[in-house]
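Structure first, then comments.
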Amino acid sequence: MAGVDEFEVPLWRALAVFRIAALSYAAVRVAQNFRHYDHPVLSWVVIGVMAGWTALTIYGYRQPRWRRWPLLIADLAVTAACLLVSPAILGPNGLQLGIANIPVAWIASPVLAWAISGGRRRGVVAAIVMGIFDLLSYRSYGGAALDSPVLLILAGLAVGHVARLSVDAQARLQRATEIEAANRERERLARGIHDSVLQVLALVQRRGTELGGEAAELGRLAGEQETALRMLVGTGPAAPRDGEVDLRTALGRYASAVVSLAAPAHPVLLPAAVAEELARAVGAALANVRRHCAAETKAWVLVETEEAEVIVTVRDDGPGIPPGRLDEAAAAGRLGVAQSIKGRVRDLGGTVAITSAPGEGTEVELRVPR
C-alpha cells in the first residue's frame, strides 16, 4: 500500500544513516590497525566494497519496488562475504592481538533491512544467519564471540517490532481518516435532507392527520418514511471497510412510526454476512407482527451487546401467540418462524427464544456469537 510505503520511509532513512556511520567507524578502525594486518591493502579493498555497497543499498531501498527478496538476499550475501574474508586479511597476528573484523558494526545493516521490510521474524532470521557467519569468522563459539550474534538478534527483534507497530499505526490512521471523511459526508447529507425531505414528510404527516380519511393513511405512510430516513442518516459512524458493518445501520431500515429501534450509542460491528442474515431474521419477525396483528400494533427492536454475543430482541403489544400455534404452522408447511427466523440464526451459530401468551404480546430474542 502506498500509505504503508510512505510511512516506512523514515525507517529506511534511519538505516541509511546507520550504514554511513557504521562504514565510517569501520574505516577509522582499519586506519588504526592496518599496519598489523597480514594483507593491509586488501583491507582497504574491503572498505571500498563496503562503501560501494552502502551507496547502492541506500539508493535501492529508497525505491519501494526494489525492497524485495533479490536486494535483501544480496545485501546479506555481500555483508557475509566482507565478514568472512576478514580473518584471512588480519592473519594470525591480527587475530592474536584481538583486532575486530573489518566490517565491525556494519554487519548489522542487512539485519535491520530485513527487520524493516518484514518485521520481527524476518529480522531474527537475518540475525541468526549473520550471527553464524560472525562465529565462523571468529573461529570460536563461546565467550565474547557470542556477544555479537546475541546483539544482532536483539536488534532484529527490536527494529522489526517497531517497524510492524509503525505500519499498523499507519493502517489505523488511514482507516480512521476514511471513517471521519465518510461521517462528514453523512452529516452534510443529513443536514440537506433535514432542511428539505424530512420537513416535507413531517408536514405531510401532520396535515394528513388533520384532514383524516385517505389523507390520514398518506400521513401515516409519510411518518413511517420520515422515521426510516432519520434512522438511515443518523445511525452513527460509518463502518470500517474491512468486511464489517454496523448492525444498527442494517436494522435501521425497519424503523417506522410503529417500529422503534433502540441500540447502543457505539457501533455494533459484525461481519457483513452475519449482520445481513441477522437483520433479515429481525425483518421476518416484524413481518409476522404486520401479518398477524392489527395495523396499529407497536413493535420494539432492542439491540444489546455482550462480550461474547449480540442480542436482538423484537417485542410487540399484539394479541400474542396461542399455545401450539407455532407447531401447527410448521406441521402445515408454514415455515416462516422455523426457517426465516430460527433457521437463519441457527446457521449463524446462535439461538432463538420466543416468549408469548394470549393478550400479552410476543417477544423474540435472537442471540448471535460476535
Exercise. Report yes or no: does Thr351 contribute a side-chain atom to a donor-acceptor pair with the main-chain N or O of Val368 at less than 3.5 Å?
Key: no

Exercise. Without swapping roles, check the side chain of Arg67 against the backbone of Gly60 for a donor-acceptor pair under 3.5 Å.
Key: no

Practice problem: Looking only at non-hydrogen atoms, find the nearest pair between Ala26 and Pro103 and report the distance. | Solution: CB-O, 3.8 Å

Quiz item: Hey, does Leu135 have a side-chain heavy atom less than 4.5 Å from the side chain of Leu146?
Solution: yes

Self-check item: Residues Arg253, Glu276: salt bridge by 4.0 Å N-O rule
Solution: yes

Exercise. Working to the nearest 0.5 Å, report the span between SG of Cys82 and CG of Asn101.
Key: 11.0 Å

Exercise. Determine the minimum heavy-atom distance between Leu15 and Ser109, stating which atoms define it.
Key: CD1-O, 3.8 Å

Self-check item: Distance (rounded to the nearest 0.5 Å) between Glu360 CD and Arg315 CZ
Solution: 13.5 Å

Self-check item: Over 12 non-hydrogen atoms of neighbours within 6.0 angstrom of CZ in Arg370
Solution: yes

Exercise. Spell out, yes or no, whether Val104 and Ile102 are grouped together once hydrophobic residues are joined by side-chain heavy atoms under 4.5 Å, including indirect joins.
Key: no

Self-check item: Common cluster, Val259/Val289, ILVMFWY with side-chain heavy-atom separation under 4.5 Å
Solution: no

Exercise. Keeping the roles fixed (side chain from Tyr254, backbone from Ala279), state whether a donor-acceptor pair exists under 3.5 Å.
Key: yes

Self-check item: Pairwise distance CG(Leu251) to CG(Leu286) - rounded to 0.5 angstrom
Solution: 9.0 Å

Quiz item: Hey, is the main chain of Ala294 close enough, under 3.5 Å, to the side chain of Thr297 for a donor-acceptor pair?
Solution: yes

Quiz item: Can you say whether the rings of Tyr61 and Trp12 are parallel (under 30°), tilted (30 to 60°) or perpendicular (over 60°)?
Solution: parallel

Practice problem: Supply the atom-to-atom distance Leu23 CG to Phe18 CZ, rounded to the nearest 0.5 angstrom. | Solution: 11.0 Å

Self-check item: Expected output: side-chain Asp246 to main-chain Arg248 donor-acceptor under 3.5 Å
Solution: yes

Quiz item: Should Leu72 and Ser117 count as side-chain neighbours, where that means a heavy-atom distance under 4.5 Å?
Solution: yes

Practice problem: Check whether any side-chain heavy atom of Thr54 lies under 4.5 Å from a side-chain heavy atom of Trp106, and answer yes or no. | Solution: yes

Quiz item: Any side-chain heavy-atom pair from Asp347 and Glu277 closer than 4.5 angstrom?
Solution: no

Quiz item: Same cluster for Tyr59 and Leu112 if Ile/Leu/Val/Met/Phe/Trp/Tyr side chains link at under 4.5 Å?
Solution: yes

Exercise. Could you tell me whether the side chain of Lys298 and the main chain of Gly318 form a donor-acceptor pair under 3.5 Å?
Key: no

Exercise. Working to the nearest 0.5 Å, report the span between CD1 of Ile321 and NE2 of His292.
Key: 8.0 Å

Quiz prompt | Non-hydrogen side-chain atoms of Trp300 and Asp317 separated by less than 4.5 Å | solution = yes

Quiz item: Within a strict 4.5 Å, meaning less than it, do heavy atoms of the Val45 and His39 side chains meet?
Solution: no

Quiz item: Hey, are Trp53 and Asp75 close enough side-chain-wise for a donor-acceptor pair under 3.5 Å?
Solution: yes

Quiz item: If you take all heavy atoms of Ser43 and Val30, which pair is closest and at what distance?
Solution: OG-CG1, 3.6 Å

